[in-house]
**Student:** 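First the structure, which I've put down as structure tokens, then a few questions once you've had a look.
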Amino acid sequence: MIPLDQCEEEWLLPTRTGGYASSTICGINARTYHGYLIVPLNQPHHRFLILSKFEDFLLINGDTYSMSTNYYPGSYYPDGYKYLIKVEKNSNSKITWHYDFGYSQVEKTLRVHKGYNAITITYIATRGKFKLCPFITFRSHHLAKKLQNEFFTYEIYPPNTIYILYEGKRILNFEIHDKYELFNSGYWYYNFIYKLDQELGNNYIEDLYNPFCIVSTSNKISVTVYYDQRPKDLSVEENEHYDILKLLSAAGKDFVVKGKDGWAIIAGYHWFDEWGRDTFISLEGLLLVDKQYDIAKEIILKYLNLEKRGMLPNNFISYNGEPVYRGVDISLWAINAIYKTYIYSRDKNFIRKVVDKVLDIIDWYSKGNGVIYNVDNLIFHKGAPRTWMDASYDSRIVTPREGAAVEINALWYNALRVTEFLLNELGEKAEYLSEKAESVKKSFAEKFISQDGLYDYINWDNIPDKSIRPNQIFSISLPFPIIDDKSIASKILTLIESKLLRQYGLSSLSREDPNYKPVYKGDRRSRESLPQWTHMALVTRRLC
């Protein structure tokens, strides 16, 4: 038996479409993001929960034993967790539960089909039969939903397929691979409590619909559930291994998803969508290291084709895919990703395809566009939030940083040097870029170098912000570092290590700062208001 206090451990299996399956190890859904099948309606965006779970039972000797558990107001019911003895997840495609009912042992496996909005669930018992009752809904994975006159129906297509319809539109397909009997139910189950969301102050009460129950005629049953397209091959790539590098490589591929308009990179699961900044930062590790050059180039070209006055999309509106332009660093990260792609692939034809867009970005950053301003060779920006530190709540910007941000100008210098390098590779003249870069470097040293390291940003009144933050690390870590003096670089590194280095990475504010909060907790207002929360969120996003 797995104790209740361990039941909140979570698992997640992405489908590489933007969708996923996820819950806790005991099957007690604890977030709005938990469910057996979450699918992108505007792939890879606009993710909806459709199949929440199976309420599943073992039938043996005339008795019914639950395998499921839910959390209702004040109680856990039924008590399936008491029979759960082991959970295994040794691949990024499946999770397996082992139950011991005394008279019978059960193995239950949920597999996702990579590249499809589809799962297969298989049950095998040493003795007995199974009863499976699907719980369904149709709502954004961000929002729990109470009964609002929802209208679900189903249609049977012999011999083994059942369609679920929501207000007359097919939303779910069940394909049953073993002999079974079908029993109509049509029940609503009320007041599921999502405990983790309740603790976080989010919406947390859900009603779910059960249209029918499936009863196996033997000790084995397997069901494939899919949203739009049936997988061509129902076998699943196992990828079981324990080597850390292979595990990381396999996990990384789950962030590279196929959208309706081509390849994309998801910033994190459960709730993060496609973000330009995260895309270009992670592109090397996710794609280039594994020689996935064509996918990397396709993603870069997609963003460049959306360039607007020198800026590339920050993110996309979920339901219609419209680009949102906000971050002032995204175009600069894109130029860095282009450099990395060339260094790995040595594909000059790719450089020829992108160089005009790169020069267009450089031109807009040089002359300004109403958000970006070039002042004394440095990049200033107006409006907030425009950097990666973009937390806000109730229209309050937690860390505005308007002016000249340290990492933006490190990226600007790097972009100038990258562009110079690319033009040289194509045999074109680029002396003017070298001169511009040297001017940026000189102004940066005059404005940003402090006694111990670098200022975080310079405001529009030319007053430096002295907060010790990790953003200055980019001045010494990019391919073309704006700080190349070893003694100054050493000071910066020493400052970051002594003030910001923690067990799992860098915090985004020194613990000596009066604004530092050591614990990330509370409702959304409390969490979003923490001055250092954004960096920890970014670290978590990378590790998902």
Side-chain angles (χ1 to χ4, degrees), residues 262 276-277 279-281 283-284 287-288 293-294 296-314 323-382 386-387 404-405 407-444 474-475 478-482:
R277 179 182 298 112
T279 293
F280 295 123
I281 291 174
L283 188 137
E284 180 181 9
L287 294 172
L288 300 179
Y293 305 141
D294 289 343
K297 294 171 190 175
E298 180 182 323
I299 291 172
I300 290 170
L301 287 169
K302 178 184 77 171
Y303 274 85
L304 290 180
N305 288 334
L306 296 170
E307 181 258 336
K308 186 175 181 180
R309 295 173 62 84
M311 297 180 71
L312 299 184
N314 188 81
V324 176
Y325 298 87
R326 190 172 66 196
V328 296
D329 57 337
I330 294 159
S331 298
L332 305 177
W333 278 118
I335 292 174
N336 189 68
I338 288 167
Y339 172 78
K340 293 283 188 177
T341 301
Y342 176 68
I343 293 300
Y344 277 86
S345 68
R346 292 293 172 178
D347 182 357
K348 286 191 177 180
N349 286 330
F350 171 67
I351 299 306
R352 293 187 183 98
K353 286 181 182 179
V354 303
V355 68
D356 286 343
K357 285 290 186 182
V358 171
L359 289 170
D360 198 40
I361 291 168
I362 295 296
D363 183 53
W364 277 109
Y365 272 69
S366 295
K367 66 187 181 185
N369 62 8
V371 171
I372 295 163
Y373 297 81
N374 199 308
V375 181
D376 295 332
N377 301 306
L378 297 178
I379 299 299
F380 281 66
H381 70 271
K382 286 187 176 179
R386 295 284 186 182
T387 71
E407 79 278 13
I408 303 301
N409 283 281
L411 284 162
W412 171 230
Y413 175 83
N414 182 70
L416 290 168
R417 289 299 189 190
V418 165
T419 308
E420 176 192 3
F421 170 83
L422 296 178
L423 289 178
N424 286 334
E425 288 292 290
L426 296 177
E428 299 182 19
K429 294 181 179 180
E431 291 85 354
Y432 73 100
L433 290 170
S434 178
E435 293 172 3
K436 187 185 291 286
E438 284 301 315
S439 297
V440 171
K441 185 177 182 181
K442 180 181 178 183
S443 294
F444 185 91
F474 294 112
S475 68
L478 291 167
F480 297 93
I482 195 168

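Counting from 1, the numbers follow the sequence of the chain as shown. Just so it is clear, the model here is predicted, and its values are computed rather than measured.
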**Student:** Taking only residues two or more places apart in sequence or in another chain, which ones pass side chain to side chain contact (heavy atoms under 4.5 Å, CB included) with S345?
**Tutor:**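 Side chain to side chain contact (heavy atoms under 4.5 Å, CB included) check on S345 returns Y293, K297, T341, D347.
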**Student:** Which heavy atom of I330 sits nearest to which heavy atom of G327, and what is that distance?
**Tutor:**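 The pair with the smallest heavy-atom distance is CD1-CA, 3.8 Å.
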**Student:** If you measure from OG1 on T419 to CG on N424, what distance do you get to the nearest 0.5 Å?
**Tutor:**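 So the OG1 of T419 and the CG of N424 are separated by 11.0 Å.
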**Student:** May I ask you to test the N369-M311 pair for a side-chain heavy-atom distance under 4.5 Å?
**Tutor:**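 Yes, at least one pair of side-chain atoms sits under 4.5 Å.
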**Student:** Which value, rounded to the nearest 0.5 Å, describes the distance between E428 atom CD and L422 atom CG?
**Tutor:**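 The distance works out to 10.0 Å.
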**Student:** Taking the side chain as C-beta and beyond, is there a heavy-atom pair between L416 and Y365 under 4.5 Å?
**Tutor:**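 They are not in contact (no side-chain heavy atoms under 4.5 Å apart), so the answer is no.
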**Student:** Quick one, V358 with V418, criterion side chain to side chain contact (heavy atoms under 4.5 Å, CB included). Give me CA distance, side-chain angles, the key distance, then yes/no.
**Tutor:** CA-CA 10 Å; V358 171; V418 165; over 6 Å; no
**Student:** At their closest point, which heavy atom of P481 faces which heavy atom of S475, and how far apart are they?
**Tutor:**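 Shortest heavy-atom separation between P481 and S475 comes out as CB-O, 3.4 Å.
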**Student:** Could you tell me if the side chain of N414 sits less than 4.5 Å from the side chain of P479, heavy atoms only?
**Tutor:**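 SC-SC contact between P479 and N414 confirmed.
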**Student:** Show the nearest heavy-atom pair for residues S434 and E420, with the distance to one decimal.
**Tutor:**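 Taking every non-hydrogen atom into account, CB-OE2, 3.4 Å.
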**Student:** Partners of E425 by salt bridge (charged side-chain N to carboxylate O under 4.0 Å, His left out), sequence neighbours excluded?
**Tutor:**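 Scan of E425 (salt bridge (charged side-chain N to carboxylate O under 4.0 Å, His left out), adjacent residues dropped) gives R346.
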**Student:** Using a 3.5 Å distance criterion without hydrogens, assess whether the side chain of S443 forms a donor-acceptor pair with backbone atoms of D376.
**Tutor:**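 Confirmed, S443 side chain pairs with D376 backbone.
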**Student:** Residues two or more places apart in sequence or in another chain: which of them pass side-chain hydrogen bond (donor to acceptor under 3.5 Å, both in side chains) with Y432?
**Tutor:**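 Per chain and number, Y432 pairs via side-chain hydrogen bond (donor to acceptor under 3.5 Å, both in side chains) with no residue.
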**Student:** Find out whether D360 and E307 are in side-chain contact, i.e. whether some heavy atom of one side chain is under 4.5 Å from a heavy atom of the other.
**Tutor:**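 In short, these two side chains touch, coming nearer than 4.5 Å.
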**Student:** Which residues pass the side-chain hydrogen bond (donor to acceptor under 3.5 Å, both in side chains) test with N349, not counting sequence neighbours?
**Tutor:**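 So N349 forms a side-chain hydrogen bond (donor to acceptor under 3.5 Å, both in side chains) with R352.
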**Student:** Does the side chain of L306 reach to within under 4.5 Å of the side chain of L312, using non-hydrogen atoms?
**Tutor:**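 They are not in contact (no side-chain heavy atoms under 4.5 Å apart), so the answer is no.
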**Student:** Let me confirm one number: the CD1-NZ distance from I482 to K442, rounded to the nearest 0.5 Å.
**Tutor:**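 It is 13.5 Å, given to the nearest 0.5 Å.
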**Student:** Please tell me if the side chains of I299 and L287 come closer than 4.5 Å, counting only heavy atoms from C-beta onward.
**Tutor:**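 I299 reaches L287 side chain to side chain.
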**Student:** Looking at residues at least two apart in the chain, or sitting in another chain, which of them share a side-chain hydrogen bond (donor to acceptor under 3.5 Å, both in side chains) with Y413?
**Tutor:**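 Here the qualifying residues are R417.
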**Student:** Walk me through it: do V371 and R386 pass the test side chain to side chain contact (heavy atoms under 4.5 Å, CB included)?
**Tutor:** CA-CA 9 Å; V371 171; R386 295 284 186 182; 3.6 Å; yes
**Student:** Hey, what do you get for CG (L332) to CD1 (I361), rounding to the nearest 0.5 Å?
**Tutor:**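 Rounded to the nearest 0.5 Å, the CG-CD1 separation comes to 8.0 Å.
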**Student:** To the closest 0.5 Å, what do you measure between CG (D329) and NE2 (H381)?
**Tutor:**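 Between atom CG of D329 and atom NE2 of H381 there are 9.0 Å.
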**Student:** Step by step, would you call F280 with I300 a side chain to side chain contact (heavy atoms under 4.5 Å, CB included)?
**Tutor:** CA-CA 8 Å; F280 295 123; I300 290 170; 4.2 Å; yes
**Student:** Okay, side chain of S439, backbone of E435: is any donor-acceptor separation there less than 3.5 Å?
**Tutor:**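 Here the side-chain-to-backbone pair exists.
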**Student:** Rounded to the nearest 0.5 Å, what's the gap from CD1 on I379 to CD1 on I372? Could you check?
**Tutor:**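 These two atoms lie 6.5 Å from each other.
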**Student:** Going by heavy atoms in the side chains, are L478 and W333 under 4.5 Å from each other?
**Tutor:**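 With C-beta onward as the side chain, the pair touches.
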**Student:** Applying side-chain hydrogen bond (donor to acceptor under 3.5 Å, both in side chains), can you list everything that pairs with K367, at least two apart in sequence or on another chain?
**Tutor:**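 So K367 forms a side-chain hydrogen bond (donor to acceptor under 3.5 Å, both in side chains) with D363.
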**Student:** Kindly indicate whether the side chain of W412, heavy atoms from C-beta on, has any atom under 4.5 Å from the side chain of N374.
**Tutor:**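 SC-SC contact between W412 and N374 confirmed.
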